[in-house]
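Here is the structure we will look at, set down as structure tokens.
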Amino acid sequence: LAAASDPVTAQGPSNRLWQIWTTAPDAHAQDLLNSGMVRLRTGDFAGAIAAFDALVDYCPDYAEGYNQRAFANYLQGRYRPALVDLEAALAHRPRHVGALSGTALTLIGMGRDAEALEALEGALALHPWLNERALLPALRERVAPTSP
């Protein structure tokens with residue numbers, strides 16, 4: 001991804017990464033993940049979180065369970081639990097671009113722009129064509145020290 005020359009070139013490797021991340025360790029874990037993701041897409045946040053809770057309990061070393069639960073919480077404006085799950089996802093997969101960019105978005109939601117900038121820059125170092133790159137100029141401006 002870091003070597004991709006444009007967003008179109010990056011799309012294939014990005015899709016392959018998501019296929020890897022969303023391939024659960026076994027059939028039961030895959031069913032839980034799929035159920036949670038379908039519920040998330042239909043706006044059933046409580047059902048999605050219940051599925052992701054079960055997935056995290058069943059496979060505590062599987063990063064995507066935490067990442068998806070974080071996304072469900074983020075979409076509801078529940079930033080603190082989202083951040084806890086993003087940190088867990090990154091503990092298992094430190095180069096998970098989705099969790100890194102999710103961390104940046106969550107920190108922005110919490111008003112923690114300096115930390116958000118660091119997380120976003122980390123994500124963009126791995127995948128420079130993320131859509132979130134559009135946030136970088138405004139975030140840098142908000143974090144930049146003001147001159148006297």
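This chain uses plain numbering: 1 for the first residue, then up along the sequence. Just so it is clear, the model here is predicted, and its values are computed rather than measured.
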Query - Least distance between heavy atoms, P60 atom then D57 atom - result: CD-O, 3.8 Å
Report summary line: Taking every heavy atom of A119 against every heavy atom of T103, the minimum-distance pair comes out as CB-CG2, 4.0 Å
Requested in this report: Please say whether more than 12 non-hydrogen atoms of neighbouring residues, nucleotides or ligands are located less than 6.0 Å from CD in E115.
Outcome: yes
Query raised in the report: Between P128 and L1, what is the shortest heavy-atom contact and its length?
Result: CD-O, 3.5 Å
**Report entry** Qualifying residues under salt bridge (Lys or Arg N to Asp or Glu O under 4.0 Å), relative to R142, sequence neighbours excluded
**Finding:** D113
Query - E121 side chain near L124 side chain, heavy-atom distance below 4.5 Å - result: no
Requested in this report: Would you check if E132 and I108 make a side-chain contact, meaning some heavy-atom pair closer than 4.5 Å?
Outcome: no
Query raised in the report: So, the side chain of T23 versus the backbone of Q19: is there a donor-acceptor pair under 3.5 Å, distance only?
Result: yes
Query raised in the report: Are L135 and L117 joined in one hydrophobic group, where the rule is that I, L, V, M, F, W and Y side chains link up if heavy atoms are under 4.5 Å apart?
Result: yes
Query - Closest non-hydrogen atom pair between G98 and S101, with its separation - result: O-OG, 3.2 Å
Query - Shortest non-hydrogen separation from L100 to A123 and the atoms involved - result: CB-CB, 3.7 Å
Query raised in the report: If two hydrophobic side chains count as joined below 4.5 Å and joins carry through other members, does L120 share a cluster with L83?
Result: yes
Requested in this report: Please tell me if the side chains of L40 and L75 come closer than 4.5 Å, counting only heavy atoms from C-beta onward.
Outcome: yes
**Report entry** Whether R140 side chain and P137 backbone form a donor-acceptor pair below 3.5 Å
**Finding:** no
Requested in this report: Determine whether more than 12 heavy atoms belonging to other residues, nucleotides or ligands lie under 6.0 Å from atom CZ of R133.
Outcome: yes
**Report entry** Joint cluster assignment, L33 & L17, ILVMFWY side-chain distance < 4.5 Å
**Finding:** yes
Report summary line: Smallest heavy-atom separation, S5 atom then T9 atom, equals OG-OG1, 3.7 Å
Requested in this report: May I ask you to decide if G102's main-chain N or O and T106's side chain share a donor-acceptor pair within less than 3.5 Å?
Outcome: yes
Report summary line: Contacts satisfying ring-ring contact (aromatic ring centres under 6.0 Å, His included) that involve residues 36-58 (not counting sequence neighbours) are H28-Y58
Report task. Check the hydrophobic clustering (I, L, V, M, F, W, Y; side-chain heavy atoms under 4.5 Å; chains of links allowed) and say if L139 and L107 are grouped together. Result -> yes
Query raised in the report: For R95, which residues count as a salt bridge (Lys or Arg N to Asp or Glu O under 4.0 Å) partner, sequence neighbours excluded?
Result: none
Report summary line: Sorted by chain and number, sequence neighbours left out, salt bridge (Lys or Arg N to Asp or Glu O under 4.0 Å) with D44 holds for R39
Query raised in the report: So, Q30 side chain and T22 main chain: donor-acceptor pair closer than 3.5 Å or not?
Result: yes
Query raised in the report: Is there side-chain contact between N67 and L86, with heavy atoms separated by less than 4.5 Å?
Result: yes
Report summary line: Quick note, ring-ring contact (aromatic ring centres under 6.0 Å, His included) partners involving residues 77-102, not counting sequence neighbours, are W18-H96, W21-H96, Y66-H92, Y74-Y79
Query - Any residue meeting salt bridge (Lys or Arg N to Asp or Glu O under 4.0 Å) with R16, in chain and number order, not counting sequence neighbours - result: none
Requested in this report: Taking atom types as modelled, find out whether N15 and Q11 have a side-chain donor-acceptor pair closer than 3.5 angstrom.
Outcome: yes
Query raised in the report: Is it the case that one hydrophobic cluster holds both L130 and L136, taking links as side-chain heavy atoms less than 4.5 Å apart, direct or via other members?
Result: yes
